[in-house]
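Below: the structure, in structure tokens.
Throughout, a chain's letter reflects where its sequence line sits, starting with A, and its residues are numbered from 1.
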Protein chains: 2
Amino acid sequence: MLSAACRDSIRAMIYIANLSKKERYKNRFISIYKIARDLGLSFYFLSKNFQKLVKAGLLESHRGPHGGVKPLKPPSKIRLIDIVTVIDGIDFFNNCILGFEECSDENPCTIHNLWADKRNQILNMFEKTTLEDAIKNIERFENIKV
Amino acid sequence: MLSAACRDSIRAMIYIANLSKKERYKNRFISIYKIARDLGLSFYFLSKNFQKLVKAGLLESHRGPHGGVKPLKPPSKIRLIDIVTVIDGIDFFNNCILGFEECSDENPCTIHNLWADKRNQILNMFEKTTLEDAIKNIERFENIKV
DNA sequence: ATATTTTAAGATAAAATACTCTTAAATCTT
DNA sequence: AAGATTTAAGAGTATTTTATCTTAAAATAT
């Protein structure tokens, strides 16, 4: 459902948002190399994907020593759908599951009535969930995976 | 979410199931060429994908003149999940949306609590929906897309 | 100023997916 | 029996996605 690029990006954004709250990292740039290492991701792939998030204004970047990236908004203002939109685009949430160009309540495919509902629920989840929600879970659970 | 192969296969299975109910086609093999033409799909791609459905026992095939494919079960006994399982596999419904190998209620990722629910609802939809349900919609709506 | 660190950008490579083609095998028709 | 029709199977090609590499540009530190 999410591309690998989007998966990685969401994980990284959650990680960054969480780290940025800590005193030691507040308002500091976090090195992409560190993020990739800590999350077990490819530095190359991650920095490539970050370029889109920077362009989209979700991240600010800075080169040189002590450079890296940092969020441009508080975790409560960054929704998962914002990241998905930038990396994968929003097509999934508009498109017919059977691939029809025009598929709507008025002009449905054979399973539109079933899928449209599920699709909207997923969209709803991505729209409602912010990085702050994810961070809260980090605080709540002992052995949570970030 | 569904691969192109799976999309096409579901459409084709719905089409076949619907056609097989009609007197003229009852218990007859339907040519793959005809199916592809009627649905606007690639004959090559479709016949390739059908091979899996035949092997899996969802379709019976027959070569030579008046050959083709026909369903091995009534539409009410073929669920969408059966087709998805054969073509795409079932991984999607087991896997963590952030890609963690082990992600469960006991050992969750940061958005497991949200995603697991949606994922199960989708699974539920694919498990509950049969070809018969899709066919009923064809009968119900005038301009439905098949 | 120079060297070092770090991201940006574009090129390249590898892998996965989507799609097509060719030949073979089976079945039917005559 | 011969020819036509149709799916099976495997090889081949194209496209997209994923991943890596290289060079450049910017910033810092010395």
d([atom1], [X]; [atom2], [N]) in whole Å:
X: F43(A); N: dC21(D); atom1: CZ; atom2: P; answer: 12 Å
X: F45(A); N: dT7(C); atom1: CZ; atom2: P; answer: 17 Å
X: Q51(B); N: dC19(C); atom1: CD; atom2: C1'; answer: 14 Å
X: K52(A); N: dA9(C); atom1: NZ; atom2: P; answer: 13 Å
X: K34(B); N: dT7(D); atom1: NZ; atom2: C1'; answer: 17 Å
X: L46(B); N: dA8(D); atom1: CG; atom2: P; answer: 11 Å
X: E60(A); N: dA8(C); atom1: CD; atom2: C1'; answer: 15 Å
X: K48(A); N: dT23(D); atom1: NZ; atom2: C1'; answer: 13 Å

Report summary line: Heavy-atom nearest nucleotide on DNA chain D taken for S3(A) and for P65(A); more 5' hit belongs to S3(A)

**Report entry** Toward the 5' end of DNA chain D, by each residue's nearest nucleotide, S61(B) or D88(A)
**Finding:** S61(B)

Query - Whether over 12 other heavy atoms sit under 6.0 Å from Y33(A) OH - result: no

Query raised in the report: Take atom CZ in R28(B); do more than 12 heavy atoms of anything else shown fall under 6.0 Å from it?
Result: no

Does [N] have OP1 or OP2 sitting under 4.0 Å from an N or O in the side chain of [X]?
X: Y44(A); N: dA19(D); result: no
X: S42(A); N: dT20(D); result: yes
X: H62(B); N: dA8(D); result: no

Query raised in the report: Does the dT6(C) base have a donor-acceptor partner in the side chain of R63(A) within less than 3.5 Å?
Result: no

**Report entry** R11(B)/D8(B) ion pair, N-O < 4.0 Å
**Finding:** no

Report task. Salt-bridge test for E23(B) and K26(B): reply yes if a basic N is under 4.0 Å from a carboxylate O, no otherwise. Result -> yes

Query - Out of dT7(C), dT7(D), dC19(C), whichever nucleotide has its closest atom nearest the side chain of S31(B) - result: dT7(D)

**Report entry** hydrophobic_cluster_shared for I10(B) and F45(B), side chain cutoff 4.5 Å
**Finding:** no

